[in-house]
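Heavy-atom basis, side chains included; hydrogens, waters and symmetry copies ignored.
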Amino acid sequence: MNESGPQQQQGPSLCLEWKHLNYYVPAQEQSNYSFWNECRKKRELRILQDASGHMNTGDLIAILGGSGAGKTTLLAAISQRLRGNLTGDVVLNGMAMKRNQMTRISSFLPQFEINLKTFTAYEHLYFMSHFKMHRRTTKAEKRQRVVDLLLAVGLRDSAHTRIQQLSGGERKRLSLAEELITDPIFLFCDEPTTGLDSFSAYSVIKTLRHLCTRRRITKHSLSQVYGEDSFETASGESSGSNSIEMEIVGRSHESLLQGMRDLPTLGLLNSSPNGSLKKAAICSIHQPTSDIFELFTHIILMDGGRIVYQGRTEQAAKFFTDLGYELPINCNPADFYLKTLADNQGAKNAGALLRARYEHDTDGLYSGSWLLARSYSGDYLKHMQSFKKIRWIYQVYLLMVRFMTEDLRNIKSGLIGFGFFMITSVTLSLMYSGIGGLTQRTVQDVGGSIFMLSTEMIFTFSYGVTYIFPAALPIIRREVGEGTYSLSAYYVALVLSFVPVAFFKGYVFLSVIYASIYYTRGFLLYLYMGLLMSLSAVAAVGYGVFLSSLFESDKMASECAAPFDLIFLLFGGVYMNVDTWPGLKYLSLFFYSNEALMYKFWIDIDTIDCPINADHPCVKSGLEVLQQASYRTADYTYWLDCFSLLLVAVVFHIVSFGLVRRYIHRSGYY
């Protein structure tokens, strides 16, 4: 077992301990949105069972186990990233840690990269540095930090390459660099080698080993970690060594390192508040190769949610040998341990035997007082407690910049969508271009064209955003869960980013039709109609975002829209007289849009030609047209409808925000 404590290591050290962690989940997977499942009493399944252990700074720990053994759950439980029924304690040097404290001193690297693919590596890190560094940090210091990290993880030559063009190993190292922005002491990595080739996987784990075993980063040490990124010495020679140096830089080597002229960009990285401390990393990993396995200083073996071994990597073989399981020659130790754990045949149940031996060896170690119980001075947490994030309004601004930048980077698909949007506008202008003077025949044509204007605007914008939350939920869950920014800032920035698009498309769409049909009515009517169509688009965005927040799938959101669309259309004032069901018309987006457009078009029309021999009812003024459709005719009608559209948008957004917030809090962050 790993009996070494912080006092046995050189210099300052920290010890993170976890005691009797238990985690329960519903026995059957339930839908997040099912009312009946909420009412049922659910059985609970125990995923973690009395998991206890500890890690010291300088340790690189691998969590090994078969599928369903609880590796990721243990990792998330220790880092306090789990939501739900989790019991047990996590302490740092004897001091109980709250979740917000753990997120400040640690970082969690998920199994799959969760970031925007259109940003370059440099842009992504620089953007995240605004959220993860102190609000008083200058832009120059943030840029310097980004350069330091790109150099530290071997991405110097890929700094201005878009993330979507990076290799799998480079993306993993970029995710690691992102987590290192806060200079955390503890790193939690969920299967960091998944999907990587053997060289990339080895490079990622070697980076972690290097971070855990050194207190500082130098040009000399970086060239040893990344042979492919050789760094020039003072004499102009390059270091091509691929070996990794595990020893701490001693005082006897200081003059040598100074003579090699450490790169200037490493200043901030070495002078950070945690510069005198090594890091600790713990990784869940699936079937590591033998060379990767040897990089880990300690391992944790899990079986059925229980820890069956925890200790130094080189001592694991003796632990198995003492129980009669001899490690074969030229065999990958990790494969041997996992196969042994999976052997449940015959009289000897390997998993039960190993667990019994481990529990015997650690009996009393994690009961009663803490393993390394002592008062904690709090020096390390002092800088964490004084940390202040950027203000909420600045979070909104930066997130808006990110949304707009992403749209500009995807300008090709945006232009294609806009092109189809304008084809619809041209089609409508051609269909209704025959409308001439205001006659009895053209009254219906004008009403139809106005209805098509509002319908096309509302449907285009509502269905154009139904994918938003299903696609963005992984990023929102991770970044909000890590405290990068608040959910409200994200939501407000998302909504505001659509406003200029709504106004631009609203007026451009109307321009083609107005020039063909309504041009005789003057420029002022154009401005009024454009404003109303833009507000209709804003309300439609609220409606679409509401649909998007109902389900995790954009397909389900689109299918769910059908009954809402039917209600909105029926009470829009075209297919049914709005006075048939007086109160229900106020539930329809189309009603407010149609009423305002019809009001502005007809209210100033005093005379409409009415043939003497007409064989059908004849309307003689715009006022009669409005009254026949049961639209309001008061002076405030237009502005009331504008306000109503904004109010509908706000209501939809409030409900949508509540649904998204509830989902994230229930499902957790990973």
Side-chain angles (χ1 to χ4, degrees), residues 60 107-129 132 142-184 187-212 214 217 219 221-231 238-244 263 265-266 269 279 281 283-286 288-289 291-292 295 402 405-406 409-410 474-475 478-479 482:
L60 176 59
S107 288
F108 192 101
L109 185 65
Q111 178 177 351
F112 302 103
E113 300 83 30
I114 306 175
N115 44 44
L116 298 178
K117 302 298 187 292
T118 55
F119 276 38
T120 66
Y122 179 90
E123 289 171 340
H124 176 68
L125 292 181
Y126 182 64
F127 173 80
M128 296 306 294
S129 69
K132 296 194 173 191
K142 292 172 184 175
R143 294 190 186 97
Q144 191 68 65
R145 181 70 169 172
V146 171
V147 173
D148 292 344
L149 291 172
L150 288 170
L151 186 61
V153 299
L155 291 177
R156 177 190 58 179
D157 297 332
S158 304
H160 300 292
T161 303
R162 291 192 182 183
I163 296 176
Q164 60 191 3
Q165 298 172 343
L166 297 176
S167 66
E170 289 172 329
R171 291 184 187 181
K172 285 287 185 181
R173 282 187 274 165
L174 177 62
S175 297
L176 178 59
E178 177 187 340
E179 299 307 319
L180 292 174
I181 290 176
T182 59
D183 194 22
L187 294 169
F188 298 91
C189 307
D190 184 17
E191 300 198 18
T193 60
T194 297
L196 303 182
D197 59 79
S198 57
F199 176 80
S200 298
Y202 182 78
S203 177
V204 170
I205 301 301
K206 190 163 67 169
T207 303
L208 291 173
R209 177 66 186 259
H210 180 77
L211 291 170
C212 292
R214 281 190 176 273
I217 299 176
K219 172 177 58 179
S221 62
L222 286 171
S223 64
Q224 291 182 316
V225 177
Y226 303 104
E228 71 278 10
D229 284 337
S230 59
F231 302 97
S238 62
S239 172
S241 174
N242 269 328
S243 63
I244 180 169
L263 292 174
T265 56
L266 298 175
L269 208 59
K279 300 185 185 302
C283 311
S284 62
I285 193 165
H286 188 66
T289 60
D291 55 346
I292 290 178
L295 292 176
R402 183 169 80 170
T405 302
E406 187 178 11
R409 297 284 168 84
N410 294 318
I475 292 180
R478 171 166 167 71
E479 295 180 345
E482 288 291 314

Can you confirm whether [X] sits close enough to [Y] that some side-chain heavy atom of one is under 4.5 Å from a side-chain heavy atom of the other?
X	Y	value
R145	L125	no
E178	L149	no
R143	Y122	yes
T194	H286	no
C283	L208	yes
E179	F108	no
I163	T118	no
F119	T405	yes

Any donor and acceptor pair, going by atom type alone, linking the side chain of [X] with main-chain N or O of [Y] inside 3.5 Å?
X	Y	answer
T120	R162	no
R173	V153	yes
T182	K132	no
E170	S167	yes
S203	F199	no
K172	V204	no

With rounding to the nearest 0.5 angstrom, report the [atom1] to [atom2] distance, [X] to [Y].
X	Y	atom1	atom2	value
H124	L174	NE2	CG	5.5 Å
S198	I292	OG	CD1	7.5 Å
S284	D190	OG	CG	4.0 Å

Taking every non-hydrogen atom, the tightest pair across [X] and [Y]:
X	Y	answer
L166	R171	O-NE, 3.4 Å
G168	L196	C-CD2, 3.2 Å
S200	G169	CB-CA, 3.8 Å
S158	A121	O-CB, 3.7 Å

### Task
Considering only NZ, NE, NH1 and NH2 on the basic side and carboxylate oxygens on the acidic side, decide whether E123 and R409 come within less than 4.0 Å.
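Answer for the salt bridge query: yes.
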### Query
Would L60 and L211 count as a side chain to side chain contact (heavy atoms under 4.5 Å, CB included) if you check the C-alpha gap in whole Å, the side-chain angles of each, and the deciding distance to 0.1 Å?
CA-CA 9 Å; L60 176 59; L211 291 170; over 6 Å; no
### CA sep, side-chain torsions, deciding dist, call: L176, T207, side chain to side chain contact (heavy atoms under 4.5 Å, CB included)
CA-CA 9 Å; L176 178 59; T207 303; 3.6 Å; yes
